[in-house]
Amino acid sequence: MAATGSTASGESAFYVSTPIYYVNDAPHLGHAYTTVAGDVLTRWHRQRGEKVWYLTGTDEHGQKVMRTAESHGVTPQEWADKLVEEAWKPLWEHLQIANDDFIRTTEERHTRRVQEFVQDLYDKGEIYRGGYEGPYCVHCEEFKSPGELLEGDLCPIHKKPIEWLQEENYFFKLSEYGPRLLEFYEANPDFVQPASARNEVVQFVRQGLQDLSISRSTFDWGIPIPWDPKHVIYVWIDALLNYATAVGYGSDQAKFDTTWPADVHLVGKDILRFHAVIWPAMLMANGLSLPGRVFANGWLMVGGEKMSKSNLTGISPRELTEHFGVDAYRYYFLRAIPFGQDGSFSWEDFSARYTSELANDFGNLASRVAAMIGKYFDGTLPEPGDAGAAEQAIAEGLATATAQADRLIGDNLDFSTGLGAIFDFVKQVNGYLSDQAPWKVAKDESPEGQARLATILYTAAESLRAVAVLLNPVMPGTCEKLWASLGAEPHLGPLADQRIADVAKWGRLPAGASVVKGEILFPRLDDAKS
RNA sequence: GGGGCGGUAGCUCAGCCGGUCAGAGCAUCGGACUCAUAAUCCGUGGGUCGUGGGUUCAAGUCCCACCCGCCCUACCA
């Protein structure tokens with residue numbers, strides 16, 4: 001069972017994907033939530049020193065895009081191009097997303113390989129021609145699922161009677177994969193996470209699977225079925241394959257070998273089934289190894305309602321970043337909401353956490369330490385004297401925080417608790433300063449007093465050095481400022497090159513470093529807005 | 001209809017196999033301090049643990065019913 005990473009060569013990349021987002025609309029908070037989570041996860045692994053591949057992109061085929069484009073008087077391709085260039089890519093840049101690739105399903109590197117993949121399945125007898133029968137709304141021009149019909153078999157949109165229609169389609173023999181899928185879930189209990197999502201998937205598969213129609217012939221915005229071009233490939237089959245085509249499937253074997261399969265597929269829970277059932281079945285059918293994990297994140301709720309494209313009560317990502325800043329935005333959702341659960345958020349809660357955790361605890365700590373080193377040592381980090389029990393406790397606190405954060409964030413995708421561990425350390429350092437009261441020690445001008453003062457401030461600065469590294473995956477802009485403020489780069493090199501494994505090694509920031517009080521890390525919010 | 005999850009201090013939530021489990025963070029209030037972004041540190045607050053029954057020496061913690069909210073029950077990305 002290929003549950004995890006793959007090729008024996010140690011070069012195998014930690015491969016993480018987001019869903020490829022449907023270009024029907026502009027990105028909203030939910031899209032950004034998933035994408036930021038993946039970015040933090042991959043940045044964390046890069047700081048572990050691992051080879052990483054972070055993929056995102058857009059899903060551009062399908063009837064909805066076609067219709068939306070028509071209603072705007074442009075071709076589907078034009079519509080997709082416009083949204084990708086004007087909305088999607090700019091937002092990811094704005095949010096500091098460090099993706100390694102961005103795939104679009106209309107790109108030839110994708111469409112050609114999708115055809116090959118489907119042709120392979122056809123040749124292997126995994127796909128057959130059949131008829132799909134179901135309730136069809138002539139006004140919508142599409143099939144409905146029986147469950148969504150209103151009483152009396154009315155179309156939920158048009159409130160008009162549907163008719164039963166039959167369409168010739170190609171089907172994938174999904175029904176044959178139930179037992180193998182269950183076996184796989186059993187052998188890989190962490191394949192679908194969180195556990196609640198796994199239970200739903202397992203229960204669903206146990207009910208028995210039906211074959212999946214994988215072609216459409218009522219519209220043409222899609223990838224043609226190679227042996228029967230009157231049909232286009234069902235958009236989900238098309239979309240899922242991006243995870244393979246983007247990393248060289250069928251075109252760049254070397255790259256494919258060192259990247260495939262994905263270690264983590266991040267998905268919204270609305271598309272869990274496609275990733276946890278259909279996708280592995282497709283891969284089994286074609287003899288490819290299976291991904292390591294499918295992790296479903298929850299909904300963002302605002303005022304108790306789900307955030308989504310249909311519910312545009314939405315606050316846009318940019319509204320929030322304009323007020324709170326990009327780094328605080330990246331931090332907030334991961335800190336406030338346990339990853340994998342639905343989470344309610346509010347402007348008030350964001351403000352509260354910004355002020356308490358970011359400005360007061362973290363930002364202010366950086367300020368006071370830099371200020372004192374400036375005031376008492378002219379901005380040159382002093383040589384510490386002997387460490388006492390208090391300093392020992394700080395070093396141990398750092399080791400604990402680092403170990404916890406590494407496991408929780410890097411392995412478990414428990415960003416909330418992991419960040420909590422780092423911020424517990426920040427609070428510990430604030431407490432250490434209160435206890436040691438360096439501003440009082442500074443009044444003792446004896447050599448012993450000055451040595452003690454040096455030890456205290458060195459301890460605080462060294463703690464900040466570690467915090468900058470630990471928080472860099474989440475708040476790269478802020479941590480870069482802190483790194484500069486500590487004068488770390490000339491001695492330790494670029495922040496992004498700092499390794500998680502070295503964070504807790506005490507004493508890395510050398511005496512003599514030039515510490516300056518830079519700009520305020522998290523300025524107080526103008527409370528105009530509430 | 002069937003299945004699942006949740007309803008614990010003002011807010012967001014921890015509480016595994018029943019017996020210091022009535023908690024944490026934030027907010028509030030009081031105190032300390034002054035290096036710092038009027039920040040920090042310490043202390044404090046009494047919430048019928050959704051409702052009503054039941055089991056037990058003992059129940060947020062088990063059982064039953066009910067109320068409320070959410071999710072799943074296949075081809076919408």
Side-chain angles (χ1 to χ4, degrees), chain A residues 19-25 31 58-65 105 132 134 140 142-148 169 171-172 174 196-197 199-201 203-205 207-214 216 234-240 267-274 277-278 298-299 301 304-306 308-310 336-338 341-346 348-349 352-353 355-376 416-417 420 423-424 427 429-442 456-457 460 517 519-525:
Chain A
I20 49 172
Y21 302 110
Y22 206 57
V23 292
N24 206 30
D25 289 311
H31 301 119
T58 44
D59 182 10
E60 307 186 356
H61 293 303
Q63 196 165 26
K64 282 195 178 176
V65 166
T105 57
Y132 179 80
C140 295
E142 68 187 3
F143 284 96
K144 299 293 170 184
S145 66
E148 68 180 313
N169 272 329
F171 283 80
F172 167 54
L174 181 64
S196 55
N199 292 340
E200 282 185 8
V201 167
Q203 187 195 3
F204 173 73
V205 175
Q207 290 174 359
L209 299 173
Q210 298 173 15
D211 289 345
L212 179 73
S213 77
I214 58 142
R216 297 292 125 102
Y234 173 44
V235 68
W236 260 113
I237 300 297
D238 171 356
L240 287 165
V267 301
K269 67 180 185 183
D270 52 332
I271 57 174
L272 174 63
R273 179 169 308 148
F274 295 96
V277 180
I278 296 172
W299 298 125
M301 318 281 278
E305 288 186 72
K306 181 177 95 177
S308 72
K309 67 275 176 184
S310 56
I337 300 169
Q341 295 181 26
D342 290 349
S344 53
F345 79 97
S346 64
E348 292 75 15
D349 186 54
R353 281 191 189 273
T355 300
S356 171
E357 298 174 7
L358 295 179
N360 294 354
D361 289 346
F362 176 35
N364 182 57
L365 175 63
S367 286
R368 63 197 302 212
V369 171
M372 284 190 277
I373 292 172
K375 187 169 181 176
Y376 303 133
S416 178
T417 312
F423 272 74
D424 282 346
K427 300 190 79 158
V429 178
N430 272 320
Y432 166 81
L433 287 178
S434 289
D435 291 343
Q436 303 308 318
W439 48 91
K440 285 183 181 168
V441 177
I456 296 165
L457 293 183
K517 186 173 174 182
E519 63 182 294
I520 295 294
L521 261 28
F522 298 97
R524 302 196 70 73
L525 301 168

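The shown structure was predicted, so the numbers you read here are calculated from the model rather than taken from an experiment. Residue numbers begin at 1 in each chain, while the letters A, B, ... track the order of the sequences. In what follows, every heavy atom counts, from backbone to side chain, and hydrogens, waters and symmetry copies are set aside.
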Query raised in the report: What is the nucleic acid contact for A:S213, judged by heavy atoms within less than 4.0 Å: base, sugar-phosphate only, or nothing?
Result: base
Query raised in the report: Which is true for A:Y376 with a 4.0 Å heavy-atom rule: it touches a base, it touches only sugar-phosphate, or it touches nothing?
Result: sugar-phosphate
Query raised in the report: What interatomic distance, in whole Å, is found between C1' of B:G45 and the corresponding atom of B:C26?
Result: 14 Å
Query raised in the report: Choosing from B:U73, B:C41, B:U34, which nucleotide comes nearest the side chain of A:R273?
Result: B:U73
**Report entry** C1'-based separation of B:U34 from B:C49 [nearest Å]
**Finding:** 42 Å
Query - Minimum heavy-atom distance A:Y234-A:F274, with the two atoms named - result: OH-CE2, 3.8 Å
Query - Pairing nucleotide - B:A58, Watson-Crick or G-U, each distance under 3.5 Å - result: none
**Report entry** A:E60 to A:T105 - nearest heavy-atom pair and separation
**Finding:** N-OG1, 2.8 Å
Query - Closest heavy-atom pair and its distance - A:A460, A:V369 - result: CB-CG2, 3.6 Å
Query raised in the report: Roughly, in whole Å, what's the span from CD in A:E200 to C1' in B:U73?
Result: 10 Å
Query raised in the report: Out of B:A27, B:C35, B:C71, which has the shortest distance to the side chain of A:K269?
Result: B:C71
Requested in this report: Assign each of A:S356 and A:Q341 to its nearest nucleotide of RNA chain B by heavy atoms, then name whichever residue's nucleotide is nearer the 5' end.
Outcome: A:Q341
Report summary line: Ranking B:U40, B:C26, B:U34 by distance to the side chain of A:R368, first place goes to B:U40
Report task. Taking the side chain as every heavy atom from C-beta outward, state whether A:Y22 and A:V65 have any atom pair closer than 4.5 Å. Result -> yes
Requested in this report: With heavy atoms under 4.0 Å as the rule, sort A:D361 into base, sugar-phosphate or nothing.
Outcome: sugar-phosphate
Report task. Determine the contact category for A:D211: base if any of its heavy atoms lies under 4.0 Å from a base atom, sugar-phosphate if only primed atoms, P, OP1 or OP2 are that close, otherwise nothing. Result -> base
Report task. Tell me what A:L209 touches on the nucleic acid: a base, only sugar-phosphate, or nothing, going by heavy atoms under 4.0 Å. Result -> base
Query raised in the report: What about A:N364: does its side chain form a donor-acceptor pair under 3.5 Å with the base of B:A36?
Result: yes
**Report entry** C1'-based separation of B:C16 from B:C33 [nearest Å]
**Finding:** 42 Å
Report task. Just label B:G18 as syn or anti from its O4'-C1'-N9-C4 or O4'-C1'-N1-C2 angle, using within 90° of 0 for syn. Result -> anti
Requested in this report: Only one of A:L358, A:T355, A:N364 passes side chain to side chain contact (heavy atoms under 4.5 Å, CB included) with A:F522; say which it is.
Outcome: A:L358
Query raised in the report: What is the distance, rounded to the nearest whole Å, between atom CD of A:Q436 and atom P of B:A36?
Result: 19 Å
Query - Separation of atom CG in A:D349 from atom C1' in B:A27, rounded to whole Å - result: 11 Å
Query raised in the report: Choosing from B:C33, B:U40, B:A74, which nucleotide comes nearest the side chain of A:W439?
Result: B:C33
Query raised in the report: Should the ring pair A:H31 and A:Y21 be called parallel, tilted or perpendicular, given that the plane angle runs from 0 to 90° and is split at 30 and 60?
Result: perpendicular
Query raised in the report: CZ of A:F274 versus C1' of B:C72: gap in Å, rounded?
Result: 14 Å
Report task. Give A:G298 one of three labels, base, sugar-phosphate or nothing, depending on what nucleic acid heavy atoms sit under 4.0 Å from its own. Result -> nothing
Requested in this report: Assign A:E357 to base, sugar-phosphate, or nothing according to its heavy-atom contacts below 4.0 angstrom with the strands shown.
Outcome: nothing
Query raised in the report: Given the P atoms of B:C29 and B:A65, what is the spacing between them in whole Å?
Result: 47 Å
Query raised in the report: What pair of heavy atoms forms the shortest contact from A:S416 to A:P338, and how long is it?
Result: CB-CA, 4.1 Å
Report task. Considering only atom P, compute the distance from B:G4 to B:C64 and round it to an integer number of Å. Result -> 11 Å
Report task. Using a 4.0 Å heavy-atom cut-off across all strands, classify A:N430 as base, sugar-phosphate, or nothing. Result -> sugar-phosphate
Requested in this report: Identify whether any heavy atom of A:L521 sits under 4.0 Å from a base atom; if not, whether one sits that close to sugar-phosphate; answer base, sugar-phosphate or nothing.
Outcome: base
**Report entry** Between C1' of B:C72 and CD of A:Q203, the distance in whole Å
**Finding:** 7 Å
Requested in this report: Could you check whether A:A371 gets within reach of a base, just the sugar-phosphate, or nothing at all, counting any heavy atom under 4.0 Å?
Outcome: sugar-phosphate
Query raised in the report: A:I520 near the nucleic acid: base, sugar-phosphate alone, or nothing, with a heavy-atom cut-off under 4.0 Å?
Result: base
Query raised in the report: Taking the side chain of A:F522 as heavy atoms from C-beta outward, which of B:U40, B:U37, B:C33 is closest to it?
Result: B:U37
Query raised in the report: If we call it a pair only when both distances are under 3.5 Å in a Watson-Crick or G-U wobble match, what pairs with B:C26?
Result: B:G10
Query raised in the report: When you compare B:G43 with B:U37, how far apart are their C1' atoms, in angstrom units rounded to a whole number?
Result: 25 Å
Query raised in the report: Considering only the P atoms, how many Å lie between B:U61 and B:C5, rounded to the nearest integer?
Result: 16 Å
**Report entry** For B:U20, the Watson-Crick or wobble counterpart (both distances under 3.5 Å)
**Finding:** none
Query - Evaluation steps, side-chain contact (heavy atoms from CB on, under 4.5 Å), between A:W439 and A:M372 - result: CA-CA 8 Å; A:W439 48 91; A:M372 284 190 277; 4.0 Å; yes
Query raised in the report: Expressed as a whole number of Å, how far does the C1' atom of B:C71 sit from that of B:A58?
Result: 35 Å
Query raised in the report: When the distance from CG of A:L457 to P of B:A36 is rounded to whole Å, what number comes out?
Result: 12 Å
**Report entry** Pair partner, B:C66 [Watson-Crick or wobble, under 3.5 Å]
**Finding:** B:G50
Report summary line: Closest to the 5' end of RNA chain B, once A:F362 and A:I214 are matched to their nearest nucleotides, is A:F362
Query - Proximity to the side chain of A:K517 - top-ranked nucleotide from B:U37, B:A74, B:U34 - result: B:U37
Requested in this report: Looking at every strand, decide which applies to A:G363 at a 4.0 Å heavy-atom threshold: base, sugar-phosphate, or nothing.
Outcome: base
Query - Per A:A359 side chain, nearest of listed nucleotides B:C35, B:C70, B:U37 - result: B:U37
Report task. Round to the nearest Å and state the distance from A:D435 atom CG to B:C41 atom P. Result -> 10 Å
**Report entry** Closest heavy-atom pair and its distance - A:N24, A:K64
**Finding:** OD1-O, 3.3 Å
Query - Rounded distance (Å) that lies between atom P of B:C26 and atom NZ of A:K427 - result: 4 Å
